[in-house]
Visitor: 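I have a structure here, written as structure tokens, and I will follow up with some questions on it.
Below, all heavy atoms of this structure are taken into account, side chains as well, without hydrogens, waters or symmetry copies. Chain letters run A, B, ... following the sequence lines, proteins first and then strands; every chain starts at 1.
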Protein chains: 4
Amino acid sequence: MVSEANDARGRGRPRDPKVDEAILGATVAVLRERGWSGTTIEEVAARAGVGKTSIYRRYPSKVTLVADAATRDRESVFPSFDTGSAAGDLMAFVLGSLRRLLGSVWQDVLPGVLAEAAEDPDVREVVKEAWSWRRASIGAIVARGIERGEIQPGTDPEHVLDMVDGPLLFRLMVTKAPLDYGFADQLVDRVMRAVGSHWR
Amino acid sequence: MVSEANDARGRGRPRDPKVDEAILGATVAVLRERGWSGTTIEEVAARAGVGKTSIYRRYPSKVTLVADAATRDRESVFPSFDTGSAAGDLMAFVLGSLRRLLGSVWQDVLPGVLAEAAEDPDVREVVKEAWSWRRASIGAIVARGIERGEIQPGTDPEHVLDMVDGPLLFRLMVTKAPLDYGFADQLVDRVMRAVGSHWR
Amino acid sequence: MVSEANDARGRGRPRDPKVDEAILGATVAVLRERGWSGTTIEEVAARAGVGKTSIYRRYPSKVTLVADAATRDRESVFPSFDTGSAAGDLMAFVLGSLRRLLGSVWQDVLPGVLAEAAEDPDVREVVKEAWSWRRASIGAIVARGIERGEIQPGTDPEHVLDMVDGPLLFRLMVTKAPLDYGFADQLVDRVMRAVGSHWR
Amino acid sequence: MVSEANDARGRGRPRDPKVDEAILGATVAVLRERGWSGTTIEEVAARAGVGKTSIYRRYPSKVTLVADAATRDRESVFPSFDTGSAAGDLMAFVLGSLRRLLGSVWQDVLPGVLAEAAEDPDVREVVKEAWSWRRASIGAIVARGIERGEIQPGTDPEHVLDMVDGPLLFRLMVTKAPLDYGFADQLVDRVMRAVGSHWR
DNA sequence: GTCTAAGCGAGACGGTACGTCCAGTCTTCCG
DNA sequence: CGGAAGACTGGACGTACCGTCTCGCTTAGAC
């Protein structure tokens, strides 16, 4: 997400990668102890031992900074491996998601980021980008499932994403219901009932 | 949510109901044209021709004000009538939800409110409260379905809520995918496959 | 110079005179220990235990704040009393001026204020205002001198002001030559030679 | 004032005189359209098509840059020629001063430079240096006048400088009264009355 | 003909202060 | 005493420059 091809190799002093690191590190630290709304650019800058300018030069807004920091906090992406069955793949994906989510700052910042995204199209773009790997993973799982005959041909991966991430988000942001193994199990069961060829 | 019972009938000048109205009206107007984060108590007060004090006397925070205003914007609650079948009841519920949501300020306001709720337990309480009628409606639908033998006994209404409001929220806040008749149809189909006794 | 008729007696909380005092006091203190350019609104606010807003509400700029503070620092105006002779009056005026100037913050801030005045017409107005009592004093002295026959009729007080404040300013800002009794003596002598009827 | 002797003739690339020119030209331009305080090193650099470093390599501060630029803007120094009488010499000097002053950026820049000088001893040195030719000119005029018997022996040229540059500065910075022929005439008259042997 | 120190434009760096905006509270007067 | 007005403290915002520091390059005298 760092983007803007750094190999512009334009003239002038190049950006110091240590500063990049310091900013992201400080951002994660502040997020952890102050939460989304308690996080200010000012404090991040102070904590990173960096001028505010150096942050604004890299990120146009708090939300882009935080999104980048959260993305890097843990390597949020994990391999979508082939377990041999669609249900297995899904289970692995859901459990992996939960594990990463619960351990990272994403859990704290997601509501704030999504709120911002609702108002700013640029942020929306960032969010979509950040979600694309999930879309891709589900797509792969569904494709393999169809090949194996476990999932109905013509199944739209987007709907599967609705079924997986929808309840997850709902619990995270509204009901605060637990995101545990039982939840994952039910999720997989529902998906397989909805799009499976001969589930149970 | 209109604040505490006004019939304290204490001494002194009673609250002016015109002020209540002016505040709520101005809040909705400002929300519509500035969005959640662009809405400030200051502007609402100015627009309503009211002192900031008169707002703070009624609402402890922006989020409670907005929640009240949004709730009244359209009567967001609607009766959950009995259509004769579980699938019909669900369809009615989902379509009603969509109709109310898409026409009201809730749609603009929800992400912001949920973000606030993630950090402030008081707000979380408000949100839970605001969601309770949906929980109740789903509960009633499920109960009738079980009675009729359409829905598996022991079905947890909470899971059904996950399946209905989860994707809805996900589309609203993340993918911005359409919330239309087709979506509603799929939603109902999935729910019935997941918890129906002999769907299709 | 506080101006803006406070007796608008409009509704709303009236300005707190303690805040006025705190601001001016802090300004003088900061000026003394940091000098003109080292004085920041930020520090004045902090020192006064006052929000920056409360300063900006009263003064549109640093220079107006400082001008007001300096004016009040010592009652810079002093009575122009009648000593019986034009030379005596002038001497009293010059010595009084020196005494007040050297003891107040004016000495430190004058260059900065005048620099600002050179660029901002509003500030120029403030300066003119602040100088008007000197113009008036000289005017009175000249008038009395003409009456007594000591000063040539038709003498323009403005020129006398040139002769008095010009060298004073020049020494203060350029040569840093001493502003002492000898200087005052010479000043008076020159003025009397230039506009006196029969000096020496 | 062009900075230190360039004939160090050390190794390395010599300074590009085009850069010198570009900097000074841009400085004058920016001074004219933005005034003293609106002039920033950053803009001068941009306007000159030059790196900030190239300016800082030549001038340690804004004030030295500006002083140099202003000095070169017009050849501010002019010969103090012998007109045959002290009054004539003085008149020539004053009129020359006015002519140079009013046409150059000095007029805009002087207040700012003097304000800086009030706080920074290094700048004060620069100012004193810049004023020395005036001191010298007046000295020469006074010396010739004494020789001719027109000016009282023992007259301190410094006082004459007070009487000439004082009112000039005062009008320039405080009263904004006109600096015209009449003013010059009065100035000369006053000086001659104050230090002349038998004026009129 | 290399070497090499200095100059060059560009622009990132840590900082500081700016003036603005809101939050939520407090204080006045009017009805 | 309720309500409107608006001043209060406080703190983050995003901007603008400061003066310093790399960068990769050019220039031209010294070797």
Visitor: Starting from P on E/dG9, measure out to CG on D/D16 and report it in whole angstrom.
Guide: 8 Å
Visitor: When the distance from CD of D/E43 to C1' of F/dC17 is rounded to whole Å, what number comes out?
Guide: 12 Å
Visitor: Checking contacts here: which listed nucleotide (E/dT25, F/dC18, F/dA7) is nearest the side-chain heavy atoms of C/R58?
Guide: F/dA7
Visitor: By nearest nucleotide on DNA chain F, pick out whichever of C/G51 and D/P60 is the more 5' one.
Guide: C/G51
Visitor: From CZ of A/R57 over to P of F/dA16, roughly how many Å is that when rounded to an integer?
Guide: 13 Å
Visitor: Give the rounded distance in Å between these two atoms: CG of C/L65 and P of E/dG19.
Guide: 11 Å
Visitor: With nearest nucleotide decided by heavy atoms, which residue, C/R13 or A/I41, maps closer to the 5′ end of DNA chain F?
Guide: C/R13
Visitor: From the set F/dC13, F/dC8, E/dA17, return the single nucleotide nearest to any side-chain atom of C/T40.
Guide: E/dA17
Visitor: Taking the side chain of A/K52 as its heavy atoms from C-beta onward, which of F/dT15, F/dG19, F/dT9 lies nearest to it?
Guide: F/dT15
Visitor: Are A/L65 and A/Y56 close enough that some pair of their side-chain heavy atoms sits under 4.5 Å apart?
Guide: no
Visitor: Identify which one of C/R34, C/K52, C/R47 satisfies the salt bridge (Lys or Arg N to Asp or Glu O under 4.0 Å) criterion when paired with C/E42.
Guide: C/K52
Visitor: Between E/dA17, E/dC26, F/dT9, which nucleotide gets closest to the side-chain atoms of C/T53?
Guide: F/dT9
Visitor: Quickly work out the D/I55 CD1 to E/dG11 C1' distance and round it to whole Å.
Guide: 14 Å
Visitor: Rounded off to whole Å, could you give me the CZ-to-P distance for the D/R47 and E/dG9 pair?
Guide: 17 Å
Visitor: Taking the basic N atoms (NZ, or NE/NH1/NH2) and the acidic carboxylate oxygens, is any pair closer than 4.0 Å for D/R58 and D/D20?
Guide: yes
Visitor: Round to the nearest Å and state the distance from C/Y59 atom OH to F/dA7 atom C1'.
Guide: 15 Å
Visitor: Do NZ/NE/NH1/NH2 and the carboxylate oxygens of C/D120 and C/R124 come within less than 4.0 Å?
Guide: no
Visitor: Between atom CG in B/D120 and atom P in E/dA23, what is the gap in whole Å?
Guide: 15 Å
Visitor: Both A/A48 and D/A48 contact DNA chain E. Which one's nearest nucleotide lies toward the 5' end?
Guide: D/A48
Visitor: Check this for me: does any side-chain nitrogen of one of B/R32 and B/D108 sit under 4.0 Å from a carboxylate oxygen of the other?
Guide: no
Visitor: Over all strands shown, is D/S61 touching base, sugar-phosphate only, or nothing at heavy-atom distances under 4.0 angstrom?
Guide: nothing
Visitor: Counting side-chain heavy atoms from CB outward, which of E/dC13, E/dA17, F/dC13 is closest to C/E42?
Guide: E/dA17
Visitor: Nearest to the A/R15 side chain among E/dT28, E/dG19, E/dA12, which nucleotide is it?
Guide: E/dA12
Visitor: Using a heavy-atom cut-off of 4.0 Å across all strands, would you classify C/S54 as base, sugar-phosphate, or nothing?
Guide: base
Visitor: If you assign B/Y56 and A/P17 each to the DNA chain E nucleotide with the nearest heavy atom, which residue ends up on the more 5' nucleotide?
Guide: A/P17
